[in-house]
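Below, each value reflects all heavy atoms present in this structure, side chains not excepted, and no hydrogens, waters or symmetry copies. Note on naming: letters A, B, ... go to the chains in the order of the sequence lines (proteins, then strands), and numbering restarts at 1 for each one.
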Protein chains: 2
Amino acid sequence: MAYHLDKIDIEILKMLQKDSNRTTKSIAAQLDMSTSPIFERIKKLEKEGYIKKYVAVLDNKKIGLKLTVFIGITLQGHTRSYLEKFVKEINNFPEVVECHRVSGNFDYLLKLVVEDIEAYETFIITKLTLLPYLGNVQSLITLSTGKETNEIDLSSVL
Amino acid sequence: MAYHLDKIDIEILKMLQKDSNRTTKSIAAQLDMSTSPIFERIKKLEKEGYIKKYVAVLDNKKIGLKLTVFIGITLQGHTRSYLEKFVKEINNFPEVVECHRVSGNFDYLLKLVVEDIEAYETFIITKLTLLPYLGNVQSLITLSTGKETNEIDLSSVL
DNA sequence: ATTTAATAAAGAATAATATCCTTTTAAAAT
DNA sequence: ATTTTAAAAGGATATTATTCTTTATTAAAT
């Protein structure tokens, strides 16, 4: 039987996806509760998989990875085994942070984070175009980013 | 004068962007150091902005947000003030997790996380299409996601 | 309505970690 | 060689996470 999120769980998730270093004490204070139920709820949310992990969010640009690129890709073949192989290969490329199979004008949409245009081109030449069955490839180079977060909208849940 | 990252800093960042709940003790052990320099380095990485924040990564689907959509948008006008207004409006939409100004076939690329197709359509009708100067709008509906992370490739840095 | 059972919260005690401070080491510069 | 600087080590303290026990609340059953 599946565990169901209640209003308090949602509030906890909202806080933790904004700042996971919040202490149980501070969360408890905000929700007018004691620390134990907060602690237990968080543990349950982790165990049940609602919280997948805790990570540090880095400043890409400051660290030297100044370029984000989206790449739309169409494939020439669409056999199941090939699609799986394609995704598997893509997963080995550390520059690729996202890979989505999509409907619409492309088969796949990739998101890359790299140092600069040169690193991008190197990726295309030495990695991407070596994959077989590659069809059309169209890149969207990011000029500026107006919003970039991982925070999902929990207000619509429940 | 800017602070410069050395090999140890990079190693710390690698660990923390995989799992920010690692204790300084555990990081220190892995790097064969004592806890104090690790602690001080982390504080410096935070203060200098290399680490922007710590967040919990949630399981979108499990929580009920089952659909990711990318939307390519072209605008009819391109005055500076309008572009700024556009981004500002977009920032108020909690469904939108990313908004990039791009070169290529679109002016903007958005990433949305919503409950389902219905929520997506509601967004389009009640929010997106109300924005003025909107040109072409093209959606890529995610069918499946082969990779989705925030981990950037630090092996290329330094 | 009353009792029972089950669940969640509260409160207190302990263990582990973060945080701070002082000392030591190592490296660089004079 | 000596001085100066920065980083690391080591230890002490304050917070927090974690565990356990008790209390309260709710729902179910009689």
Paired with Tyr108(A), the ring pair (Phe, Tyr, Trp, His ring centres under 6.0 Å) test is passed by just one of Tyr133(A), Tyr82(A), Phe86(A), Phe70(A), namely Phe86(A)
Between Gln17(B) and Asn150(B), do the side chains contain an N or O donor and an N or O acceptor separated by less than 3.5 Å? no
With 3.5 Å as the limit, what N/O pairs link the protein to nucleotides 23-25 of chain D?
none

Roughly how many Å is it from CG in Asp6(B) to C1' in dA7(D), rounded to a whole number? 10 Å
Are any of the side-chain heavy atoms of Leu112(A) and Thr68(A) separated by less than 4.5 Å? no
Given that Thr24(B) and Ile8(A) both sit by DNA chain C, which one's nearest nucleotide is further toward the 5' end? Ile8(A)
What's the CD1-P distance between Ile12(A) and dA8(C), to the nearest Å? 12 Å
Check Asp9(B) with Arg41(B), please: is the shortest side-chain N to carboxylate O separation under 4.0 Å? yes
With a 3.5 Å cut-off and sequence neighbours excluded, list the donor-acceptor pairs that the side chains of residues 92-99 of chain A form with protein atoms.
residue, atom, partner, partner atom, Å
Glu95(A), OE1, Lys127(A), NZ, 3.3
Glu95(A), OE2, Lys127(A), NZ, 2.7
Glu98(A), OE1, His100(A), NE2, 2.6
Glu98(A), OE1, Lys111(B), NZ, 2.9
Glu98(A), OE2, Lys111(B), NZ, 3.1

Closest of dT17(C), dT19(C), dA9(C) to the Thr23(B) side chain is dT17(C)
Whole-Å gap separating P (dT16(D)) and CZ (Phe39(B)): 13 Å
Atom pair distance, as rounded to whole Å: CE in Met33(B) and C1' in dA8(D): 7 Å
Rounded to whole Å, how long is the line connecting atom CG of Asn21(A) with atom P of dT17(C)? 15 Å
Have a look at Ser36(A) and say if it touches a base, only the backbone sugar-phosphate, or nothing, with a 4.0 Å heavy-atom cut-off. base
Within this structure, what is the NZ-to-P distance between Lys25(A) and dA17(D), rounded to whole angstrom? 9 Å
Provide, to the nearest angstrom, the distance between the CG atom belonging to Leu31(A) and the C1' atom belonging to dA9(C). 13 Å
Looking at Glu151(A), is its backbone amide N or carbonyl O close enough to the side chain of Thr149(A) to form a donor-acceptor pair, meaning the two atoms are under 3.5 Å apart? yes
The answer to which of Thr35(A) and Ile38(A) contacts DNA chain C further toward the 5' end, by nearest nucleotide, is Ile38(A)
Can you tell me how far P of dT19(D) sits from CD1 of Ile42(A), to the nearest Å? 13 Å
SB check Glu40(B) Lys44(B) (cutoff 4.0 Å): no
Closest nucleotide among dC21(C), dT18(D), dA8(C) to the Arg41(A) side chain: dA8(C)
Between Ser34(B) and dA8(D), is there a contact of a side-chain N or O with OP1 or OP2 at under 4.0 Å? no
